[in-house]
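In what follows, a structure is listed as structure tokens, so that the remarks can point back to it.
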Number of protein chains: 2
Amino acid sequence: MSITETQSHFLENYDIHEFDIPLTSVDMTIFTIEDDLLKVLLVKRAQFPAKGEWALPGGFINLKSDGTLNDTVSRKLKEKTGVEISHLEQVATYGSAVRDPRGWSVTIAYMALILNENITLISDESSEEVVWLPIGDIQDNYQLAFDHNVILADSYQRLKNKVQYTSLPINLLPQTFTLSELQKTFELILGYNIEKKSFRRRLLAAEIIVETGEMRVGSNRPAKLYCAKASSKEHFFQRSIEGPRN
Amino acid sequence: MSITETQSHFLENYDIHEFDIPLTSVDMTIFTIEDDLLKVLLVKRAQFPAKGEWALPGGFINLKSDGTLNDTVSRKLKEKTGVEISHLEQVATYGSAVRDPRGWSVTIAYMALILNENITLISDESSEEVVWLPIGDIQDNYQLAFDHNVILADSYQRLKNKVQYTSLPINLLPQTFTLSELQKTFELILGYNIEKKSFRRRLLAAEIIVETGEMRVGSNRPAKLYCAKASSKEHFFQRSIEGPRN
DNA sequence: TGACTTAGTGTCTTTGTGTCACTATTATAA
DNA sequence: TTATAATAGTGACACAAAGACACTAAGTCA
């Protein structure tokens, strides 16, 4: 037999269930800004295990319909929020014998940023409630299912790190925005204030946003509106942005 | 029934094989420095699928003996090289319906740095050959099994990125080393030369290495020997190190 | 009209890196 | 013994980008 024939033979007789393999799922930390707070989407689980507990949304890969892991995650997000993702990235994969009572399990954790506009959260048979909760509130007062507190903390840390040297927060704002609004978004995530002049210099020098010509009018002096260049929703700066030195 | 009793009942009747779950494995890109070259460990697969092809080392989780994913990876590394890892980090997780001919599969990719000293590579029933190959050579001339060329490229990119703003290369050197040796290691990985003065200023200012008091004698002027502080094998610098401006 | 608020700028300081010529200390070979 | 090459290590200025902060600009609201 040739190598190819032998391999075909091998595959015909291959039974995936013959070996012990871990349960494998995806989970996601979906961030948005609402009422000047950084919030995360949580679901109350309607099924065992961890029935009735708060958890990050997630689920199993559909081996029939999902071609890739990204398909699985996009599908899950759409099931809960009905919207497209603005920014999605893998954070880390967690696997151990004890993190799920059903046995050895692996979960691939993602972080997503979405714009909070016209979103209606959707419950289904797997989740009896779906809500946005402020990140600080969750970390202080919520005991999440499985190891989701750890996953949440890691995702938040990743977000904070990236906000120090990328333009990620643009993904949390609408099409057009003022520099003050953008700075406010950075500050909400980082948890400290940024010097106005440094911030503006940095963003304008990067040439990743463009004046629309319109102004935001409302309270006090009108502000220039900007929109992001298509390719610049994840611009990497050369240096990190710092907080106040004293 | 209470919630707890109901959950026990659920678990007793839970059969992991009832659902379709993907095949889940780990793969690792193990880097070392040998003969002034950055090299990666490859194995020639002795088993189907991809029998006879070169691949990154990896394998399945042992649900009995491995408590965590890290256990799996450490075990695999020890099987091939017999040594402990100096630095290990998760790079990314790859999953799709087509990356493995056996069906839907997920692999969690790790990157490891090890010191190339007194290592004897070990073949076993799963790999008929185990070798160190220069990274450039692999990328130019080797068609690896599965999607391992992509995994290798991503791992190498991660390494290069981190070398620009961390002290990772310390993990590729012995206990004591000179600043020139350390600089050479940075340059090998980055692929460009660093200005000597900038490099030394940066490392000394970070206070992550200490003079041992000994000198490396040999050719020409003796050089001070340094050793890394325990906690500083992954120091993060505030700014990236750059190549020459022109 | 004047106080208040938010938008946006001018400019000096600070920090860390790039550049590059210079000194220092050894091996090696004439 | 001395010159030369090679590697180790430093001094000093230039430059880039961020921090600090006072200032001007243009609106709202009483």
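Computed over heavy atoms, backbone and side chain alike; hydrogens, waters and symmetry mates excluded. Naming: A, B, ... by sequence-line order, numbering from 1 per chain.
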- Task: Could you tell me which residues satisfy ring pair (Phe, Tyr, Trp, His ring centres under 6.0 Å) with B:Phe177, sequence neighbours excluded, listed by chain and number?
- Result: none

- Winner on side-chain proximity to A:Arg201, out of D:dG19, C:dT19, D:dG9, is D:dG19

- Item | B:Ser180 vs D:dA8: side-chain N/O to OP1/OP2 distance below 4.0 Å | yes

- Taken to the nearest whole Å, CZ/A:Arg221 to P/C:dT6 is 14 Å

- From D:dA18, C:dG18, D:dA8, pick the nucleotide closest to the side chain of B:Ser198? C:dG18

- What is the distance from OH of A:Tyr192 to C1' of D:dG19, rounded to the nearest Å? 13 Å

- Message: What residues from residues 167-175 of chain B pass a heavy-atom cutoff of under 4.0 Å to DNA chain C?
- Response: none

- Task: Measure from the side chain of A:Lys197, starting at C-beta and using heavy atoms only, and say which of D:dA18, D:dC21, D:dG27 lies closest.
- Result: D:dC21

- Query: Could you go step by step and tell me if B:Leu190 and B:Ile241 meet the side chain to side chain contact (heavy atoms under 4.5 Å, CB included) rule?
  - Reply: CA-CA 10 Å; B:Leu190 290 173; B:Ile241 195 152; 4.1 Å; yes

- Note on the structure: The residue, B:Met215 or A:Ile241, whose nearest nucleotide of DNA chain D is more 5′ is B:Met215

- Upstream residue (5' side of DNA chain C) when A:Ala223 and B:Gln238 are each assigned their closest nucleotide: A:Ala223

- Note on the structure: When rounded to whole Å, the CZ to C1' distance for the pair A:Arg200 and D:dA25 reads 12 Å

- Can you check the A:Lys196 NZ to D:dA25 P distance for me, whole Å? 14 Å

- Rounded interatomic separation in angstrom, taking CD from B:Gln183 and P from D:dG9: 11 Å

- Message: Taking B:Glu207 first and then B:Lys229, would you say they form a salt bridge - that is, a charged N and a carboxylate O separated by under 4.0 Å?
- Response: no

- Message: Testing the 3.5 Å rule here: is there a donor-acceptor pair between the side chains of B:Thr212 and B:Thr176?
- Response: no

- Could you give the CG-to-C1' distance, from A:Leu179 to D:dA26, as a whole number of Å? 17 Å

- How long is the span from the CG atom in B:Leu225 to the CD atom in B:Glu214, to the nearest 0.5 Å? 7.0 Å

- Note on the structure: From CG of A:Asn220 across to P of D:dG27 the rounded distance in Å is 11 Å

- Pair B:Asp27-B:Tyr94, side-chain donor/acceptor within less than 3.5 Å: no

- Here the gap from A:His87 atom NE2 to A:Leu115 atom CG, rounded to the nearest 0.5 Å, amounts to 14.5 Å

- Nearest-Å distance for atom pair CZ/P, residues B:Arg216 and D:dA6: 21 Å

